[in-house]
Q: 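Handing you this structure, nothing more for now.
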Amino acid sequence: MTVNELKIKSIEYRRRLLTYIEKANAGHTGGSLSCVDILNVLYNRILNVSPETFKDPGRDRYVQSKGHSVEALYVVLADRGFFPESDLETLCRFGSHYVGHPTRKVNGIEQNTGALGHGLPIAVGMALAGKKDGASYRVFTLLGDGELAEGSNWEASMAAAHYGLDNLTAILDRNTLQITGRTEDVCGLEPLTEKFRAFGWSVRETDGHDHADLERTLRAVPFEPDRPSLVIARTVKGKGVSFIEDVAKWHHGVPSDEEFERALAELDRAMAAACKE
Amino acid sequence: MTLEQGKANLEVFADTLLELARADRNVLAVTSDSRGSGKLGPFGAALPDRIVEVGIAEQNLVGVAAGLASCGKTVFAVSPACFLTARALEQIKNDVAYSGNPVKVVGISAGVSYGALGSTHHSIHDLAALRAIHGIDVVVPADNFEAREAILAAARSPRPVYVRFGKRALPHVHAPGARFEIGKAIVAREGKDVAFVATGETVCQASMAAMELEKAGLSARVVSMHTVKPLDAEAVLAAARACRAMVTVEEHCVFGGLGEACAAVLMQAGVSIPFRIVGFPDEYTMTGSQLEIFGHYGISPEGLAKTARALLE
């Protein structure tokens with residue numbers, strides 16, 4: 001798959017996740033648009049996992065700590081064949097397994113998440129199990145930047161470095177927005193690179209919407225032997241739809257019919273441009 | 001007649017865990033600077049690569065344990081019950097119970113074992129908190145036999161289990177040949193006047209109360225309700241049918257624990273008998289040794305016998 005094909009996939013993923021959010025009248029629009037390029041590269045280029053190998057003890061594991069961006073995960077998993085895409089018609093409906101945060105009732109999902117600050121400790125446990133078993137699988141987790149205020153992340157960061165978990169990669173969706181506003185206004189997080197380095201991690205930054213840059217960075221893990229890797233993916237919340245981009249209220253804003261049509265029109269133009277490349 | 005003295009359940013736990021880990025390389029203990037209080041020093045010395053230390057970080061302790069369990073490990077997450085079931089409650093709820101990761105959550109020095117250290121170190125909320133969470137069994141062993149069997153059963157179980165231990169040496173409450181199964185109460189003593197339905201380290205108090213009552217010509221049934229969830233409703237109803245009154249006993253706040261669970265069973269079955277819940281009232285619990293605190297709140301042989309006599313009058 002070429003970089004341009006990945007780019008086209010991302011536009012299609014954005015179309016679909018907006019479609020299901022609009023239909024369900026529920027969802028986390030901004031964060032899903034923010035992380036969908038990361039998930040695209042992970043599932044199509046990096047992770048050694050497929051519907052056939054999902055129960056294989058040797059599979060790579062992905063834990064989505066920022067569980068609220070589940071719509072992005074659903075459309076990527078559906079595209080990879082973990083379940084029929086038509087299942088997503090039931091998103092957030094009464095009794096549907098496709099609820100507003102990841103659960104193991106959905107094929108392809110490793111852990112139930114949604115409460116923030118839970119993914120990294122679980123990923124540390126998975127990576128530690130791999131080390132104990134001499135297994136070659138790798139563990140990836142996607143963190144939101146707002147959730148870094150949860151102390152459990154820092155507890156887990158210390159443990160990851162203490163145990164030299166170079167089979168663990170955390171990706172930070174650094175879109176700088178949380179529900180209330182800018183992360184740096186709510187309760188400042190920076191300097192994140194220095195903080196994680198001080199905690200014993202190896203850190204690299206990447207453009208979280210540049211598929212080539214993401215792939216290059218994720219293929220380079222572990223960045224150093226015996227250290228966990230952190231990828232700070234610089235992203236834009238709501239990426240791909242101009243009026244949703246970088247606006248805090250779109251954290252869980254749902255587009256109106258008119259906004260939905262405008263969003264699809266923008267994505268159609270982006271698709272036409274990408275197809276000409 | 002007195003009960004024969006045994007060891008602290010905590011020591012039985014540590015010995016049993018070492019035995020399990022020697023037999024199965026997938027058995028791990030995860031600790032939060034708690035190997036000393038968990039009597040796991042010998043475990044760590046014998047099998048250093050089988051103990052995972054995370055430092056004083058209970059949330060991470062449970063999250064890491066869940067991750068390990070999801071990869072096929074039989075994980076015992078060991079930490080003082082007061083911190084483990086309060087600070088890491090969300091991890092127990094989501095990462096263990098909701099995700100179905102079969103971690104064995106082991107609360108040590110539970111109840112008022114750390115009695116003199118004050119309310120920060122008491123765990124008298126844990127049964128209520130964990131009873132309200134779907135997908136985890138709650139087991140409180142009464143003596144060394146139950147402690148060993150509970151650990152073996154928890155290790156075999158495909159489900160998450162919370163097991164709670166104290167640190168005081170306990171008398172044996174069961175006759176040889178007793179059978180243990182999670183969810184099945186054990187009748188430690190037959191009787192027809194009053195039924196003590198007790199859990200954990202209060203069962204021996206109830207057994208001694210039964211001996212007191214016997215001297216006064218009253219016979220007391222003692223039911224060890226080691227599994228608080230799922231509750232053995234049949235055993236509660238059988239005790240109510242066999243006796244004229246019921247006293248529940250627990251090392252826990254009277255809200256949301258064993259007593260209210262038994263009351264719900266009786267009321268919904270339409271059974272009405274004189275009934276008392278003995279536990280800690282809604283106040284900051286007195287401090288002192290576990291037995292001193294028990295005595296203050298009537299969880300003593302004399303106190304329980306008195307409560308039973310008052311109900312029977």
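These numbers were taken from a predicted model, which means no experiment stands behind them. Within every chain, numbering begins at 1; the chains are lettered A, B, ... in the order of the sequence lines, protein sequences first and strands thereafter.
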Q: Pick one of side chain, backbone, both or neither for B:V52, based on which atoms fall under 4.5 Å of a heavy atom in chain A.
A: both
Q: Checking B:E53 against chain A: side chain, backbone, both or neither under 4.5 Å from a heavy atom?
A: both
Q: Does one side chain, of B:N101 or B:D95, offer a donor that lies under 3.5 Å from an acceptor on the other?
A: no
Q: For the residue pair A:H118 / B:E90, report whether a side-chain donor-acceptor contact shorter than 3.5 Å exists.
A: yes
Q: Where does A:K132 contact chain B at under 4.5 Å (heavy atoms): side chain, backbone, both or neither?
A: both
Q: Check this for me: A:K131, atom NZ, are more than 12 non-hydrogen atoms of other residues, nucleotides or ligands nearer than 6.0 Å?
A: yes
Q: Looking at A:V124, A:T103, A:D133, which has the largest count of heavy-atom pairs under 4.5 Å with chain B?
A: A:D133
Q: Is the gap between the ring centers of B:H125 and B:F255 under 6.0 Å?
A: no
Q: Do A:Y74 and A:Y20 have ring centroids that are under 6.0 Å from one another?
A: no
Q: For B:I56, is it the side chain, the backbone, both or neither that has a heavy atom under 4.5 Å from a heavy atom of chain A?
A: neither
Q: Sort A:T113 into side chain, backbone, both or neither according to what part of it lies under 4.5 angstrom from a heavy atom of chain B.
A: neither
